[in-house]
Student: 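Questions regarding the structure given below will be posed in turn.
By convention here, the first residue in the shown sequence is residue 1. When a ligand or atom number is given, it counts from 1 through the structure's own listing order.
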Amino acid sequence: MHKKGAAKMSLIDDARKVRENAYAPYSNFAVGAAIKTIDGNVYKGINVENVAYPEGTCAEAGAIAAMCAAGERQISEVAVIADAPAPVPPCGGCRQKIAEFAGPDVVVTMATMDGKTLQMTVADLLPGRFTADHMANS
Ligand code: THU
């Protein structure tokens, strides 16, 4: 599924709002993420950079941590937004992090600040992903 345009605007609005709190003084690339769970709750995250660059964390990771801290484990929808020429996809590591808590059909909506959107499923974003099934012999 690669769908342009018809975004789920409410979750994107949550991501857009929380993005204002991004801490990105080194890249100047502020990212906001919002995750909805199967219980209908929304958890938000932003990127938090560090002067020791590899210690920075992505917006999606922050939202996932907030969800887990609240005791929830099942993602039903994801939204990510940044000020970019094209909708910003989750990085490779965040795709794996999302896949830990989301089924293959969960839709990830990517958005730009000027209204461009792209929707892809978790399976689209991370085909052939590593799962617990691969550890069945261990
Ligand atoms: N970043 C995110 O927070 N999420 C993404 O999906 C892509 C990248 C952040 C990491 C870093 O703080 C900045 O964007 C530039 O890579």
Student: Are the side chain of Ser76 and the backbone N or O of Lys36 linked by a donor-acceptor pair below 3.5 Å?
Tutor: yes

Student: At a non-hydrogen distance cut-off of under 4.0 Å, which region of Ser27 contacts ligand 1 (side chain, backbone, both, or neither)?
Tutor: side chain

Student: Any atoms of ligand 1 less than 4.0 Å from a non-hydrogen atom of Cys58? List them with their elements.
Tutor: 1 (N), 2 (C), 3 (O), 4 (N), 10 (C)

Student: When you measure from the heavy atoms of Pro90 to every atom of ligand 1, does any distance fall below 4.0 Å?
Tutor: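 Heavy atoms of Pro90 do come under 4.0 Å of ligand 1.
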
Student: Please determine whether residues Ile35 and Ile46 belong to a single hydrophobic cluster, defined as Ile, Leu, Val, Met, Phe, Trp and Tyr linked transitively by side-chain heavy-atom distances below 4.5 Å.
Tutor: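 No; Ile46 is not reachable from Ile35 via cluster members.
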
Student: Check the hydrophobic clustering (I, L, V, M, F, W, Y; side-chain heavy atoms under 4.5 Å; chains of links allowed) and say if Val80 and Ile98 are grouped together.
Tutor: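 Yes, one cluster joins them.
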
Student: Does a donor on one side chain and an acceptor on the other come within less than 3.5 Å for Thr37 and Gln74?
Tutor: no

Student: Ion pair present between Lys116 and Asp114, side-chain N to carboxylate O less than 4.0 angstrom?
Tutor: yes

Student: Does atom 1 (N) of ligand 1 have a protein heavy-atom neighbour under 4.0 Å away?
Tutor: yes

Student: Report, in ascending order of atom number, the atoms of ligand 1 lying under 4.0 Å from any heavy atom of Cys91.
Tutor: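 Answer for ligand 1: 6 (O).
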
Student: Measure from the side-chain N and O atoms of Asn50 to the backbone N and O of Ala52, and report whether any donor-acceptor pair falls under 3.5 Å.
Tutor: yes

Student: Given that the side chain starts at C-beta and the backbone is N, CA, C, O, which of these parts of Pro89 lies under 4.0 Å from ligand 1, counting heavy atoms, or is it both or neither?
Tutor: backbone

Student: At less than 4.0 angstrom from any non-hydrogen atom of Glu60, what atoms of ligand 1 do you find?
Tutor: 2 (C), 3 (O), 4 (N), 5 (C), 6 (O)

Student: Give a yes/no verdict on whether any heavy atom in Cys94 is under 4.0 Å from an atom of ligand 1.
Tutor: no

Student: Show me which atoms of ligand 1 lie under 4.0 Å from any heavy atom of Val31.
Tutor: 1 (N), 2 (C), 3 (O), 4 (N), 9 (C), 14 (O)

Student: Between Asp39 (side chain only) and Glu72 (backbone N and O only), is there a donor and an acceptor less than 3.5 Å apart?
Tutor: no

Student: In the protein, what heavy atom is nearest to atom 11 (C) of ligand 1, and what distance, to one decimal place, separates them?
Tutor: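 For this ligand atom, the closest protein heavy atom is Glu49 OE2, 3.3 Å.
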
Student: I'd like to know if the side chain of Arg73 reaches the main chain of Cys68, judged simply by a donor and an acceptor atom lying under 3.5 Å from each other, with no hydrogens or angles considered.
Tutor: yes

Student: Return the residue, atom name and 0.1 Å-rounded distance of the protein heavy atom closest to atom 3 (O) of ligand 1.
Tutor: Ala59 N, 2.9 Å

Student: Can you confirm whether the side chains of Asp13 and Ser10 place a donor and an acceptor under 3.5 Å from each other?
Tutor: no

Student: Looking at atom 9 (C) of ligand 1, what's its closest protein heavy atom, distance included?
Tutor: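 Answer for atom 9 (C) of ligand 1: Asn47 ND2, 3.6 Å.
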
Student: Give the residue, atom name and distance (to 0.1 Å) of the protein heavy atom nearest atom 14 (O) of ligand 1.
Tutor: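 It is Phe29 CD2, 3.4 Å.
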
